[in-house]
2 protein chains.
Amino acid sequence: MVEELKKKRVHKPAEERQAEILDAAVLIFASKGYQVADVQTIAEHAGVGKGTVYRHFPTKEELFKQALIRQLDILRCKMLRAHDAYSDPLQQLKAVMSTYFQFFDDHPETIELFVHERAEFGHDETPLYFARMHEHTDDWIPMFEAVKAALPMRDIDVEEMMCLCGEIMHGAVYLSKAIVPSRASHERLEQVFRFYLHGLVTNASIDEIYQLHNL
Amino acid sequence: MVEELKKKRVHKPAEERQAEILDAAVLIFASKGYQVADVQTIAEHAGVGKGTVYRHFPTKEELFKQALIRQLDILRCKMLRAHDAYSDPLQQLKAVMSTYFQFFDDHPETIELFVHERAEFGHDETPLYFARMHEHTDDWIPMFEAVKAALPMRDIDVEEMMCLCGEIMHGAVYLSKAIVPSRASHERLEQVFRFYLHGLVTNASIDEIYQLHNL
DNA sequence: CATAACTGACCGACCAGTCCGTCCGGTTGA
DNA sequence: TCAACCGGACGGACTGGTCGGTCAGTTATG
């Protein structure tokens, strides 16, 4: 009656195995948090033994960070692609923001991963989330410069523009789950984007700008 | 030589004991996180035995939540006091925002506490941080109504105003530690407040508004 | 058969919560 | 005034269970 179904052992290229393990890690870490998630569960979920996990990642901590980096790279990549799809700087900005919101709509577990990183490791080192953000700051400067040039801007420097943009997007996503009734993040794109522009410009009509830039 | 310094046992009113324990709990939970912090350490820090902690709080989780609630109440109370010190709605708003930033400047450990709550318990229940915020939403509606009446507002309803205000303040505080070089939160007050107003109004001169309201 | 990948039982450290002996300090009565 | 007494607050050793990381043995592959 009780079938002893033995999983067949398979050897795979390291890269593929690691990807499987990382996918499982993202899920488990996101749902339980770093401390509570246990490596055994991740291994089972990835369909491998615990020993195998440790063959590919030296410690639980490293496993977590790799899982996180994987997600960060995916997000970053999507944002860059969204940017490159447009030439008008305001369209670029809106597309990037949209991608950001959409990403967290599609992968709510990633929010949890970020939250847990901030809680667990943000204490004494800058979270990878921000480290990476900051590391790649330069990539976005040209866009913000262009936005600035395109708008009747009040006196704000580019760094401040970027900082505010990051804060408001992060805030919207981070708090999106907490608001009752919770709205899908991307529904908030329009609201947040308009608000952001209003916050930047002097006194021009936002509607004019919208029309001018086909937003 | 080695003095056996035995702590004298002292009986105290329950309330006082609990306050001592909660203060220790805030510190330890904030610095280590919910999972890593151990009750023994909290007990030692409060100058009591572990058993005593469990006399006053049924579980570690309850201890954490009480510690959090304590901080939330302090913050809320300060914000209300700041509000009541002014009659002009814009001055009130600015004062409340200022208090919020100042509080986290003075008690950076409280940020950590919120972060850990979101990570540990925000998963399946609304964090107390937001629950309380939402619970007391009504307290702030009159102020935002008044702000709205005082400004040449674009078409935003009060709920949205409050939501955006919360997000931008939370974002500024939450990210304040991540930015390099990190600025004291309160230094950002002016920047964030102006940004917020710009985001609300139609096309009036912010400077006019500032002068009119003595900001 | 040689080698590399894989496995999971095992070890030791760690910790939430318990439990009972200890001792404080308020009360009583002579 | 003070000594004997007692309720209950207190302390901390202990227990039971958990989990990160290891390693000796097993299985696939060439």
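Proteins get letters first, then strands, A, B, ... in listed order; numbering begins at 1 in each.
- For DNA chain C, none of the residues of residues 21-29 of chain B falls under the heavy-atom distance limit of 4.0 Å.
- Distances shown here put a side-chain N or O of His56(A) below 4.0 Å from the OP1 or OP2 atom of dC6(C).
- Checking the phosphate oxygens (OP1, OP2) of dA9(D), no side-chain nitrogen or oxygen of Thr52(B) falls inside 4.0 Å.
- Residues forming a side-chain contact (heavy atoms from CB on, under 4.5 Å) with Asp139(A) (at least two apart in sequence, or on another chain): Arg76(A), His136(A).
- Between the side chains of Asp88(A) and Gln92(A), not a single donor N or O lies within less than 3.5 Å of an accepting N or O.
- Qualifying ring pair (Phe, Tyr, Trp, His ring centres under 6.0 Å) partners for His56(B), counting only residues two or more places apart in sequence or in other chains: none.
- For His107(A), the ring pair (Phe, Tyr, Trp, His ring centres under 6.0 Å) partners are Phe103(A), not counting sequence neighbours.
- Taking atom CD of residue Glu16(B) and atom C1' of nucleotide dC10(D), one finds them 15 Å apart after rounding to whole Å.
- The distance between atom CD of Glu62(B) and atom P of dG17(C), rounded to the nearest whole Å, is 11 Å.
- Residues passing the salt bridge (Lys or Arg N to Asp or Glu O under 4.0 Å) test with Glu62(B), sequence neighbours excluded: none.
- Within the structure, every pair that satisfies the ring-ring contact (aromatic ring centres under 6.0 Å, His included) test and touches residues 23-42 of chain B, not counting sequence neighbours, is listed here: Phe29(B)-Tyr34(B), Phe29(B)-Phe64(B), Tyr34(B)-Phe64(B), Tyr34(B)-Phe121(B).
- Look at Asp23(B) and Arg70(B) and you find a salt bridge, because one of the NZ, NE, NH1 or NH2 atoms lies within 4.0 Å of a carboxylate O, short of that distance.
- With sequence neighbours left out, the side-chain contact (heavy atoms from CB on, under 4.5 Å) criterion links Arg55(A) to no other residue.
- Under the rule for a side-chain contact (heavy atoms from CB on, under 4.5 Å), Glu15(A) has no partner lying at least two apart in sequence or in another chain.
- Residues satisfying the ring pair (Phe, Tyr, Trp, His ring centres under 6.0 Å) criterion with Tyr100(A), sequence neighbours excluded, are Phe104(A).
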Query raised in the report: What is the per-nucleotide protein-contact pattern of nucleotides 17-23 of chain D, from the 5' end, where B denotes a base atom under 4.0 Å from a protein heavy atom, S denotes such proximity for sugar-phosphate atoms only, and - denotes neither?
Result: --SBBB-

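- Distance Lys12(B) NZ to dC10(D) C1': 13 Å, rounded to the nearest Å.
- Listed by chain and number, the residues in a side-chain contact (heavy atoms from CB on, under 4.5 Å) with Ile28(B) are Lys32(B), Ala37(B), Thr41(B), Ile42(B), His45(B) (sequence neighbours excluded).
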Short heteroatom pairs, N/O only, protein and nucleotides 6-8 of chain D, under 3.5 Å:
none

